[in-house]
Undergrad: 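Following this message is one structure expressed as structure tokens.
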Amino acid sequence: DNIKRIVSSYLDKNLVEKIVQGSIIGERQDITMMLISLKNLNTLVKSDSYTDLMNKYFRIITNSVYSNRGVLGHLAGSDIIAIFNAPRAQEEHESAAVRTALKISEGLSAYPELTVGIGINSGQAAIGLNAKILKFMPSKGLAFIAQKLKEKSKNEVLISKNLNDIVRENFKTHRYG
């Protein structure tokens with residue numbers, strides 16, 4: 001009960017109940033996925049200010065993601081996956097992800113030595129438990145498009161066409177390429 005209470009402070013109470021009952025495996029829902037990566041990590045590693053810059057990089061990103069109710073789905077090296085609308089339901093998760101990316105971009109602009117790629121896409125994902133770890137399993141297209149956008153991005157936020165169709169009323173966007 002104590003663990004359930006603690007976990008409930010981080011996750012939606014309905015989701016916690018589903019986890020406890022074991023009924024969450026394979027549940028599908030719409031999410032917005034943001035992929036972020038440092039493009040010049042190999043150059044930065046050689047810098048005397050590497051540790052300080054990486055601390056600032058992670059602090060800006062995590063604070064921005066959490067302030068818009070996103071969750072960090074994965075961190076490896078300088079690669080970060082942020083998820084919106086899971087595990088906790090979130091109205092206008094698409095706009096929250098774009099706001100987050102803009103906040104990250106603005107915060108990191110103070111550090112011109114950092115070259116960052118940000119790609120965002122929305123779509124279906126399965127949520128499941130694997131060895132008692134909550135997993136997000138995006139559809140192939142969702143992750144693939146977000147990855148390609150991140151790779152093309154250079155200190156800018158790139159969003160998919162379907163995400164643009166959802167958020168263009170709230171943000172000034174333009175066609176890339």
Side-chain angles (χ1 to χ4, degrees), residues 29-45 47 49-127 135-177:
Q29 71 182 67
D30 289 326
I31 67 165
T32 301
M33 172 183 275
M34 178 181 358
L35 303 182
I36 310 156
S37 183
L38 273 175
K39 302 270 192 173
N40 60 336
L41 182 61
N42 290 337
T43 305
L44 288 174
V45 169
S47 165
S49 58
Y50 171 72
T51 302
D52 185 49
L53 284 171
M54 291 304 290
N55 284 335
K56 290 174 180 166
Y57 170 79
F58 286 115
R59 186 173 25 256
I60 288 167
I61 292 171
T62 55
N63 288 345
S64 299
V65 168
Y66 292 148
S67 72
N68 283 291
R69 296 186 58 224
V71 296
L72 295 175
H74 179 77
L75 284 92
S78 72
D79 293 340
I80 299 172
I81 299 174
I83 306 291
F84 296 83
N85 201 41
R88 187 178 294 176
Q90 182 178 12
E91 286 186 37
E92 298 185 3
H93 57 92
E94 303 92 347
S95 291
V98 174
R99 268 193 315 278
T100 301
L102 294 173
K103 188 173 181 180
I104 290 168
S105 184
E106 180 183 326
L108 294 176
S109 69
Y111 307 98
E113 56 271 66
L114 298 177
T115 305
V116 179
I118 302 175
I120 312 173
N121 192 18
S122 284
Q124 285 275 302
I127 300 173
K135 292 281 208 177
F136 304 96
M137 295 156 279
S139 66
K140 257 187 180 173
L142 173 64
F144 179 78
I145 291 170
Q147 175 71 24
K148 290 300 179 188
L149 292 168
K150 180 195 74 162
E151 289 171 4
K152 290 180 186 272
S153 169
K154 186 173 180 181
N155 290 337
E156 60 192 342
V157 176
L158 296 183
I159 64 175
S160 64
K161 182 186 179 316
N162 71 309
L163 180 57
N164 183 62
D165 291 344
I166 296 167
V167 301
R168 69 175 162 222
E169 299 294 321
N170 300 325
F171 301 95
K172 182 180 177 184
T173 64
H174 65 275
R175 188 173 172 86
Y176 180 83

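Note that the numbering runs from 1 along the sequence shown for the chain. These numbers were taken from a predicted model, which means no experiment stands behind them.
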Undergrad: Give the C-alpha distance, both sets of side-chain angles, the deciding distance and a yes or no for side-chain contact (heavy atoms from CB on, under 4.5 Å) between L41 and Y50.
TA: CA-CA 9 Å; L41 182 61; Y50 171 72; 3.8 Å; yes

Undergrad: Heavy atoms, side chains only, cut-off 4.5 Å: are I60 and S64 in contact?
TA: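 They are in contact (side-chain heavy atoms under 4.5 Å apart), so the answer is yes.
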
Undergrad: Using the side-chain contact (heavy atoms from CB on, under 4.5 Å) rule, take V157 and I104 through it: C-alpha gap first, then chi angles, then the decisive distance, then the call.
TA: CA-CA 9 Å; V157 176; I104 290 168; over 6 Å; no

Undergrad: Please answer whether the main-chain N or O of A96 pairs with a side-chain N or O of T100 as donor and acceptor at a distance below 3.5 Å.
TA: yes

Undergrad: Donor-acceptor pair, N162 side chain versus S122 backbone, under 3.5 Å?
TA: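 Indeed, once roles are kept as given, a pair shorter than 3.5 Å links the two residues.
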
Undergrad: With a 6.0 Å cut-off (strictly less than), is the heavy-atom count around CZ of F171, excluding the residue itself, greater than 12?
TA: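 Enclosed: over 12 neighbouring heavy atoms sit under 6.0 Å from CZ of F171.
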
Undergrad: Would you confirm whether S153, through its side chain, and I118, through its main-chain N or O, come within 3.5 Å as a donor-acceptor pair?
TA: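 Yes, S153 side chain to I118 backbone: donor-acceptor pair under 3.5 Å.
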
Undergrad: If I take atom CG from residue D165 and atom OG1 from residue T173, how far apart are they, to the nearest 0.5 angstrom?
TA: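 With rounding to 0.5 Å, CG (D165) is 9.0 Å from OG1 (T173).
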
Undergrad: Looking only at heavy atoms, what is the nearest atom pair of N155 and L114, with distance?
TA: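 Residues N155 and L114, closest heavy atoms: OD1-O, 3.4 Å.
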
Undergrad: Quick one: does R69's side chain have a donor or acceptor within less than 3.5 Å of a partner on N85's backbone?
TA: no

Undergrad: Closest approach of L53 and Y111, non-hydrogen atoms and distance?
TA: CD2-CD2, 4.1 Å

Undergrad: Would you indicate whether N55, at its atom CG, is surrounded by more than 12 heavy atoms from other residues, nucleotides or ligands within a distance under 6.0 Å?
TA: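 More than 12 within 6.0 Å, yes.
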
Undergrad: Given the rule in the side-chain contact (heavy atoms from CB on, under 4.5 Å) test, do H93 and I31 qualify, once you have shown the distances and angles that lead to the verdict?
TA: CA-CA 7 Å; H93 57 92; I31 67 165; 5.6 Å; no

Undergrad: If I take atom CE from residue M33 and atom CG from residue L142, how far apart are they, to the nearest 0.5 angstrom?
TA: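 CG of L142 is found 5.0 Å from CE of M33.
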
Undergrad: How close do L149 and G119 get, counting heavy atoms only, and between which atoms?
TA: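 Looks like CB-CA, 3.7 Å.
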
Undergrad: Donor-acceptor pair, N121 side chain versus S160 backbone, under 3.5 Å?
TA: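 No.
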
Undergrad: Measure the spacing between CD of E156 and CG of L158 and express it to the nearest 0.5 Å.
TA: 4.5 Å

Undergrad: If only atom types and distance count, is the side chain of Q90 paired as donor or acceptor with the main-chain N or O of G70 below 3.5 Å?
TA: no

Undergrad: Side-chain contact test, heavy atoms from C-beta onward, threshold under 4.5 Å: evaluate it for I80 versus T62 and give yes or no.
TA: no

Undergrad: Counting only N and O atoms by type, is there a donor-acceptor contact under 3.5 Å from the side chain of N40 to the main-chain atoms of E113?
TA: yes

Undergrad: If the threshold is 4.0 Å, N to carboxylate O, is there a salt bridge linking K103 and E106?
TA: no

Undergrad: Which heavy-atom pair separates T32 from A97 by the least distance, and what is that distance?
TA: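 Smallest heavy-atom distance, with atoms named: CG2-CB, 3.4 Å.
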
Undergrad: Hey, is the main chain of E151 close enough, under 3.5 Å, to the side chain of K39 for a donor-acceptor pair?
TA: yes

Undergrad: Supply the atom-to-atom distance M54 CE to S47 OG, rounded to the nearest 0.5 angstrom.
TA: 11.5 Å

Undergrad: Say you draw a straight line from CD1 of I166 to CG of D30; how long is it, rounded to the nearest 0.5 Å?
TA: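 If we round to the nearest 0.5 Å, I166:CD1 and D30:CG are 8.0 Å apart.
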
Undergrad: Answer yes or no: is there a donor N or O on one side and an acceptor on the other, between the side chain of Y57 and the main chain of S78, under 3.5 Å?
TA: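 Answer holds: yes.
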
Undergrad: Verify the neighbour count for atom CD of E92: are there more than 12 heavy atoms of other residues, nucleotides or ligands below 6.0 Å?
TA: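 Atom CD in E92 is not crowded, with 12 or fewer foreign heavy atoms closer than 6.0 Å.
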
Undergrad: First locate atom CG of L38, then atom CZ of F58, and finally report the distance between them rounded to the nearest 0.5 Å.
TA: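 The CZ atom of F58 is 7.5 Å from CG of L38, to the nearest 0.5 Å.
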
